[in-house]
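A quick write-up on the structure given underneath.
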Amino acid sequence: MSLLASSALLLGISSSAYAQTEVTLLAPNPFKGSLDKVAPGFDGKTGYKLKLTYGRGLGTKEQAARGEMFDVFIMLPPYLDALASGNIDPKSATTLASLTLSLGVKKGAPKPDISTPNALKQALLAAETVAFVDPPMGSDGTATKEALVKLGVWDQVASKAKMAPNSGVVGNTVAKGDAEIGIYWLNEMTNPGVDVVGRLPKQISTPLKVVAFVSTHAKDAKGAKALVAYLSSLEAEASYKKDGMLPGR
């Protein structure tokens, strides 16, 4: 009985220690491809175990505002409701990188000049079809609409647009030749059937920050802070830059 009791005690301690070392993270889908490359190194370097969950770019901040139980949230602004909820620590805000909109065409197709706002405007007006994410469905769709409104061509482009639920569908639409031009986040422009033309001019397209917050309900605040530090390290930053994102520093 003594041996059984000791074994049960050890198993209980082991389970408790495991639970304490797990760090949970909620991140937006637009950051998935890049985060999948960086995240695996966290466990070995820190001794913590990362449990990673992805959500919609527009939805993760809503999950934070509702108080869903994650130790760290990665969000795309604006996130006023999440801050007002008290579920994230505003002092922990750490910019990891910035997403930028890019324009792509079918592989091998002529690349239009988009080096200036006026050049981009002419390219968009000349195209028969333009594909992008439906604004209510994704962050890149919202950013695309904002850019086209600034450019003064939203109504003209929206009338001939092929709107999609996510950037993957936009890429496939362009790759198949069903749209002449596609606009979405550069780090997600990985479809082999799409050639990247370049980023939209900064005068009409502001980079969108990717920001990490520690939850005020974190089970292990030390582990949560270690995760944010890891994701904002120079090593992680170099990986994000390779994927076409701008550095967070």
Do any side-chain atoms of residues 76-87 form donor-acceptor pairs under 3.5 angstrom with protein atoms, and if so which ones, sequence neighbours left out?
{"residue": "Ser85", "atom": "OG", "partner": "Ala82", "partner atom": "O", "Å": "2.6"}
{"residue": "Ser85", "atom": "OG", "partner": "Asn87", "partner atom": "N", "Å": "3.1"}
{"residue": "Ser85", "atom": "OG", "partner": "Asn87", "partner atom": "ND2", "Å": "3.1"}
{"residue": "Asn87", "atom": "OD1", "partner": "His217", "partner atom": "NE2", "Å": "2.8"}
{"residue": "Asn87", "atom": "ND2", "partner": "Ala64", "partner atom": "O", "Å": "3.0"}
{"residue": "Asn87", "atom": "ND2", "partner": "Ala65", "partner atom": "O", "Å": "3.1"}

In residues 237-245, what donor-acceptor pairs under 3.5 Å come from side-chain atoms, sequence neighbours left out?
{"residue": "Glu237", "atom": "OE1", "partner": "Arg249", "partner atom": "NE", "Å": "2.8"}
{"residue": "Tyr240", "atom": "OH", "partner": "Leu231", "partner atom": "O", "Å": "2.8"}
{"residue": "Asp243", "atom": "OD1", "partner": "Lys37", "partner atom": "NZ", "Å": "2.6"}
{"residue": "Asp243", "atom": "OD2", "partner": "Ser34", "partner atom": "OG", "Å": "2.7"}
{"residue": "Asp243", "atom": "OD2", "partner": "Lys37", "partner atom": "NZ", "Å": "3.3"}

Could you list the donor-acceptor pairs under 3.5 angstrom formed by side chains in residues 149-161, with sequence neighbours left out?
{"residue": "Ser159", "atom": "OG", "partner": "Gln156", "partner atom": "O", "Å": "2.7"}
{"residue": "Lys160", "atom": "NZ", "partner": "Leu124", "partner atom": "O", "Å": "2.9"}
{"residue": "Lys160", "atom": "NZ", "partner": "Leu125", "partner atom": "O", "Å": "2.9"}
{"residue": "Lys160", "atom": "NZ", "partner": "Ala127", "partner atom": "O", "Å": "2.4"}

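In this structure Lys107 satisfies the side chain to side chain contact (heavy atoms under 4.5 Å, CB included) test together with Asp195, sequence neighbours excluded. In this view, Asp89 satisfies the salt bridge (charged side-chain N to carboxylate O under 4.0 Å, His left out) rule with no residue, not counting sequence neighbours. Residues forming a ring pair (Phe, Tyr, Trp, His ring centres under 6.0 Å) with Phe42 (at least two apart in sequence, or on another chain): Tyr230. Shown here are the salt bridge (charged side-chain N to carboxylate O under 4.0 Å, His left out) partners of Asp140, two or more places apart in sequence or in another chain: there are none. With sequence neighbours left out, Gln122 forms a side chain to side chain contact (heavy atoms under 4.5 Å, CB included) with Asn118. By the side chain to side chain donor-acceptor pair (under 3.5 Å) test, Ser215 is found to be paired with no residue, residues two or more places apart in sequence or in another chain being considered. Taking Glu62 as the reference, nothing meets the salt bridge (charged side-chain N to carboxylate O under 4.0 Å, His left out) condition, with sequence neighbours excluded.
As a member of the Ile/Leu/Val/Met/Phe/Trp/Tyr network built from side-chain separations under 4.5 Å, Tyr184 groups with Val133, Met137, Val170, Val174, Leu186, Met189, Val194, Val196. Clustering of Ile, Leu, Val, Met, Phe, Trp and Tyr by side-chain heavy atoms under 4.5 Å joins Leu234 with none of the others.
Of all heavy-atom pairs spanning Ile114 and Ala123, the tightest one is CG2-CB, 4.4 Å. Residues Ser102 and Leu200 share a closest heavy-atom pair of C-CD1, 3.8 Å. The two residues Thr60 and Phe73 come nearest to each other via the heavy atoms O-CD2, 4.5 Å. Contact detail for Arg56 and Pro136: the closest heavy-atom pair is NH2-O, 3.5 Å. In this structure, Ile204 and Pro117 approach most closely via the heavy-atom pair CG2-CB, 4.4 Å. Across all non-hydrogen atoms, the minimal contact from Trp185 to Pro30 is CD1-CB, 3.7 Å.
With contacts defined as side-chain heavy-atom distances shorter than 4.5 Å, the pair Phe132/Met163 qualifies. At least one side-chain heavy atom of Tyr48 sits less than 4.5 Å from a side-chain heavy atom of Lys222. Using a 4.5 Å heavy-atom cutoff, the side chains of Asn172 and Asn191 are in contact. Side-chain contact check for Val214 versus Lys225: some heavy-atom pair is nearer than 4.5 Å. For the pair Ile74 and Pro28, the minimum side-chain heavy-atom distance is below 4.5 Å. A 4.5 Å side-chain heavy-atom check between Thr129 and Asp178 finds every atom pair outside the cut-off.
At most 12 heavy atoms of other shown residues, nucleotides or ligands fall within 6.0 angstrom of atom NZ in Lys51.
When hydrophobic clusters are built by joining Ile, Leu, Val, Met, Phe, Trp and Tyr residues whose side-chain heavy atoms come closer than 4.5 Å, directly or via intermediates, Leu35 is not grouped with Leu26. Note on Ile183 and Leu58: separate hydrophobic clusters, where clusters join Ile, Leu, Val, Met, Phe, Trp and Tyr whose side-chain heavy atoms are under 4.5 Å apart, directly or indirectly. Hydrophobic clustering (side-chain heavy atoms under 4.5 Å, transitive across Ile, Leu, Val, Met, Phe, Trp, Tyr) groups Val197 together with Ile181.
The CD atom of Glu180 sits 5.0 Å away from atom CD of Glu128, with the distance rounded to the nearest 0.5 Å.
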